[in-house]
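A quick note: this is a predicted structure, and the numbers were derived from the prediction, not measured.
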Amino acid sequence: MNCRGIALVTGLLILAAISLIAITAAGSMSMQRKQAANYHDKALALANAELAESWAKAWLFSRADIERQPSCTRNCVLPIGIHSPGELPKALENQAKSWWSETAMPSGGDPASGSTAANPDSNSFWLMEEAHFLEITENRESPGPAGIGFYRIFSFGAGRHPRSAVVTESIVARPWQADVTPVDFPPSKPLNSFCSGFPRDIACGAVAWRQLK
């Protein structure tokens with residue numbers, strides 16, 4: 001009788017241990033699934049932010065030279081699509097998605113006409129400001145520009161979950177008053193086709209990038 005009791009208790013202990021291991025493994029798998037889902041959602045938000053940045057660059061490189069005069073100091077791109085320094089609020093990475101959707105330009109949107117050049121993306125927005133304009137006074141051979149604008153592009157991308165939002169900041173150089181044809185909008189060629197028309201000593205394209213959120 002004692003042997004049977006000992007065997008029963010031992011069997012129950014083994015069963016309890018196996019159950020505990022199974023519960024722990026299930027909990028670990030559930031946590032891993034959540035972590036994988038969060039990682040995927042964050043990657044989706046970053047991809048949407050990068051999409052917004054590419055649309056902002058495309059729009060900037062599509063502007064005609066007459067839209068930016070070297071002597072201008074404020075509201076220098078017509079129609080106004082680029083903010084002057086100090087106009088945008090600080091810490092844009094703290095703004096909610098609702099603020100971006102009301103204030104910023106959706107990917108595929110055209111600030112010049114207020115219309116959309118492609119299907120607008122409700123999870124992807126951009127804002128731009130002219131951070132600095134470098135006027136070039138020395139004579140240059142064509143296609144040397146009269147000046148180079150340095151633009152700060154803020155891009156917002158959302159995932160499926162509100163906490164997955166990503167905000168990036170990039171600095172993009174855009175030469176003006178040069179014998180180079182702007183790109184189409186929406187672009188029909190790679191964006192680097194615009195910068196390839198300038199000598200290598202002329203700053204053009206992205207010069208800095210960071211993720212704010």
Measuring from [X]:[atom1] to [Y]:[atom2], what's the distance to the nearest 0.5 Å?
X    : Y    : atom1 : atom2 : value
W55  : L60  : CH2   : CG    : 14.5 Å
L127 : Q95  : CG    : CD    : 10.0 Å
T181 : K189 : OG1   : NZ    : 8.5 Å
M128 : R174 : CE    : CZ    : 10.5 Å
I171 : W209 : CD1   : CH2   : 13.0 Å

Heavy-atom pair with the smallest gap, counting every atom of [X] and [Y]:
X    : Y    : value
P111 : G109 : CD-O, 3.7 Å
W99  : P89  : CZ2-CG, 3.6 Å
A58  : V183 : O-CG2, 3.8 Å
A178 : P145 : CB-CA, 3.8 Å
E129 : G86  : OE1-N, 4.1 Å

So, using side chain to side chain donor-acceptor pair (under 3.5 Å) as the criterion, who are the partners of [X] when residues are at least two apart?
X    : result
E130 : R68, Y151
Q211 : none
S54  : none
S188 : D184

Disulfide bond (SG atoms under 2.5 Å apart): which pairs involve residues 160-189, sequence neighbours left out?
-> none
Measuring only between side-chain heavy atoms, which start at C-beta, is [X] closer than 4.5 Å to [Y]?
X    : Y    : result
L212 : L92  : no
T168 : L46  : yes
F61  : V172 : yes

Residues forming a ring pair (Phe, Tyr, Trp, His ring centres under 6.0 Å) with F156, sequence neighbours excluded = W100
Of all pairs that satisfy salt bridge (charged side-chain N to carboxylate O under 4.0 Å, His left out), the ones with a partner from [range], not counting sequence neighbours:
range            : answer
residues 53-64   : E53-K57, R63-E67
residues 202-213 : E169-R210
residues 80-108  : R74-E87

Less than 3.5 Å apart, which donor and acceptor atoms pair up between the side chains of residues 190-200 and the rest of the protein, not counting sequence neighbours?
from, atom 1, to, atom 2, distance (Å)
S193, OG, P190, O, 2.6
S196, OG, N192, O, 3.4
S196, OG, S193, O, 2.8

Could you give all pairs that pass the ring pair (Phe, Tyr, Trp, His ring centres under 6.0 Å) test and reach residues 70-90, with sequence neighbours left out?
-> none
Could you list the residues that satisfy side chain to side chain contact (heavy atoms under 4.5 Å, CB included) with A52, not counting sequence neighbours?
-> S107, S124, W126, S155
